[in-house]
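First comes the structure, then the notes that go with it.
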Amino acid sequence: MTDATTTATATQPDPEPPDPARLPAPYDDAPAAGPAAPPPEVPQLEDRAAGALVGAAVGDALGGPVEGLTPEQIVARHGGRIEGIVGPFHTDWRTARPLAPYHKGDGHITDDTLMTHALVRVYETVRDHLDAYDVADHLVPDLIGTPRWIPELEAEALPLQRIFLAEKWIVARLHYGHADPREAGVGNIVNSGAAMYMTPVGVVNAGNPDRAYAEALDISAAHQSSYGREAAGVFAAAVAAAFLPDATAASVVGHALRLAKDGTRAAIEAVCDVAAPHTDYESALVPLRAAVAPFDTVGPDYREPSLGARRPSRLHAVEELPIALGMLLVADGDYRATALGAVNYGRDCAAIATMAGALAGALRGAAAVPAEWSTEVARASRLDLHAPATALAAVTREVFARDRARQLRHEQAFGAIAARTAPNEASGR
């Protein structure tokens, strides 16, 4: 595939060769052989796509073993803050409630990455923008029909057997209930379940936060409603904004605030205002939780949610997205500090670190994700973490070409109907 710039260059005639007689003296002799040319750099799109998807998976794996815990419980278990890949919180993880039978830790990704990669496969199939019907037509069959290696189960199984109840909802509503995909998310518990796997939407709309926001809202209508759906849209927009050439942590948050609505906007603003003076996640852990608490319906004990938890509201927000953006600000986009801040925050830290890792990876590229982490997560989870990014970047280029063609057709049609008719000279008007 070529874009317009490439095509134009290819059709220009070759330039006339220079006249040796008019060249300066140094050109009379052949130049001495110099050092070998450096290998070509990976294009920014492909590099940032890898950063986003690998960064999301690594963040997910880092956060999995301490999901649902408080920062104090994490310190008590590990003798300090987590600084990398750790083993299960419970040594008897096979039977320990409420996590059994999942082997969290030891570099295993969770359902956040399983769902993210499933959405990448939908993009590979459709090779265009997605909507709620694509969830019904492609994502649901993938979840219920194709066995895959599930690291936490240490076995091959259907993804449906690993995903959480809020994700099983889309199977019940779409496959068995035949609900309109655009309305299927209504009635589900309102949580971060849709937001956690929207990284591919941001990649496909790289550099276009507004389009990413709209597409994620459309896709997530099959899964979520209210502020759970809003979080999906804003997170996808933030990922797309991280691809902009001059993007910074602050500019990513700026685009998120520009697009966010209701309680989601208020929660992001409150958290990021508190995050601004901090440069180390350790000092930010307690203030960030205090800032998001008024918008969070789960309550102080993550494992014992309040009776008002996860209900639709224009006043509330999921906790995970504002905290991910706050940690990105605290770390100024540095991947390691962003991910570790998200992990040591506790609570739903697998989802927080998935989102924070995707944003930091998209900002800084694949090299920003520590290789010792990504290599071990890939080995332990038996996954090629880079292959989905390579595939999705190719789809992104195709979608961009389709968008340009669609825009050109629209411009031509609008030009035809909007052109002013010349006055009729015969009528004297």
TODO: Pick out which of Val122, Leu160, Val171, Asp134 makes a side-chain contact (heavy atoms from CB on, under 4.5 Å) with Val140.
DONE: Val171
Open item on the list: List the residues meeting ring pair (Phe, Tyr, Trp, His ring centres under 6.0 Å) with His316, not counting sequence neighbours, and say none if there are none.
Closed with: none
Task: Gln224 side chain to Ile189 backbone, donor-acceptor under 3.5 Å - done: yes
- [ ] Taking all non-hydrogen atoms of both residues into account, name the closest pair between Ala232 and Ala216 and its distance.
- [x] O-CB, 3.5 Å
Open item on the list: Checking the side chain of Arg311 only, and the main-chain atoms of Leu307 only, is there a donor and an acceptor separated by less than 3.5 Å?
Closed with: yes
TODO: Kindly indicate whether the side chain of Glu67, heavy atoms from C-beta on, has any atom under 4.5 Å from the side chain of Asp348.
DONE: yes
Task: Under 3.5 Å donor-acceptor, Arg127 side chain and Glu124 backbone - done: yes
- [ ] Without swapping roles, check the side chain of Ser381 against the backbone of Ile109 for a donor-acceptor pair under 3.5 Å.
- [x] yes
TODO: For residues Ile85 and Asp106, report the shortest heavy-atom separation together with the two atoms involved.
DONE: CG2-C, 3.9 Å
- [ ] Compute whether any side-chain donor of one residue and acceptor of the other, for Glu319 and Tyr345, lie under 3.5 angstrom apart.
- [x] yes
Task: Which atom of Val377 lies closest to which atom of Ala61, heavy atoms considered - done: CG2-CB, 3.7 Å
- [ ] Quick one: list whatever passes side chain to side chain donor-acceptor pair (under 3.5 Å) with Asp128, sequence neighbours left out.
- [x] Arg406
- [ ] Enumerate the residue pairs fulfilling side-chain hydrogen bond (donor to acceptor under 3.5 Å, both in side chains) with a member in residues 322-336, sequence neighbours excluded, ordered by first and then second residue.
- [x] Arg336-Glu372
Open item on the list: Can you list everything that forms a salt bridge (Lys or Arg N to Asp or Glu O under 4.0 Å) with Asp262? Sequence neighbours excluded, please.
Closed with: Arg314
Task: Least distance between heavy atoms, Gly59 atom then Ala353 atom - done: O-CB, 3.2 Å
Task: Side-chain heavy atoms of Pro71 within contact of Asn344, under 4.5 Å - done: no
Task: Side-chain donor or acceptor of Thr199 paired with backbone N/O of Leu53 under 3.5 Å - done: no
Open item on the list: Using only atom types and a distance under 3.5 Å, with no angle test, would you say the side chain of His278 pairs donor to acceptor with the backbone of Leu329?
Closed with: no
Open item on the list: When you measure from the side chain of Ser225 to the backbone of Asn188, do you find a donor-acceptor pair of N or O atoms at a distance under 3.5 Å?
Closed with: no
Task: side chain to side chain contact (heavy atoms under 4.5 Å, CB included) assessment of Arg81 paired with Leu340 - done: CA-CA 9 Å; Arg81 300 299 181 200; Leu340 292 179; over 6 Å; no
Open item on the list: My understanding is that only residues two or more places apart in sequence, or in another chain, count here; which of them pass ring pair (Phe, Tyr, Trp, His ring centres under 6.0 Å) with Trp93?
Closed with: His103
Open item on the list: Any side-chain to backbone donor/acceptor pair from Glu230 onto Lys261? Under 3.5 Å, distance only.
Closed with: yes
Open item on the list: Would Met355 and Leu328 count as a side chain to side chain contact (heavy atoms under 4.5 Å, CB included) here? Give the steps.
Closed with: CA-CA 10 Å; Met355 289 188 262; Leu328 187 76; over 6 Å; no
- [ ] Keeping the roles fixed (side chain from Trp373, backbone from Gly55), state whether a donor-acceptor pair exists under 3.5 Å.
- [x] no
Task: Salt bridge present between Glu320 and Arg347 (N-O < 4.0 angstrom) - done: no
Task: Residues in side-chain contact (heavy atoms from CB on, under 4.5 Å) contact with Arg148, at least two apart in sequence or another chain - done: Arg121, Asp142, Thr146, Pro159
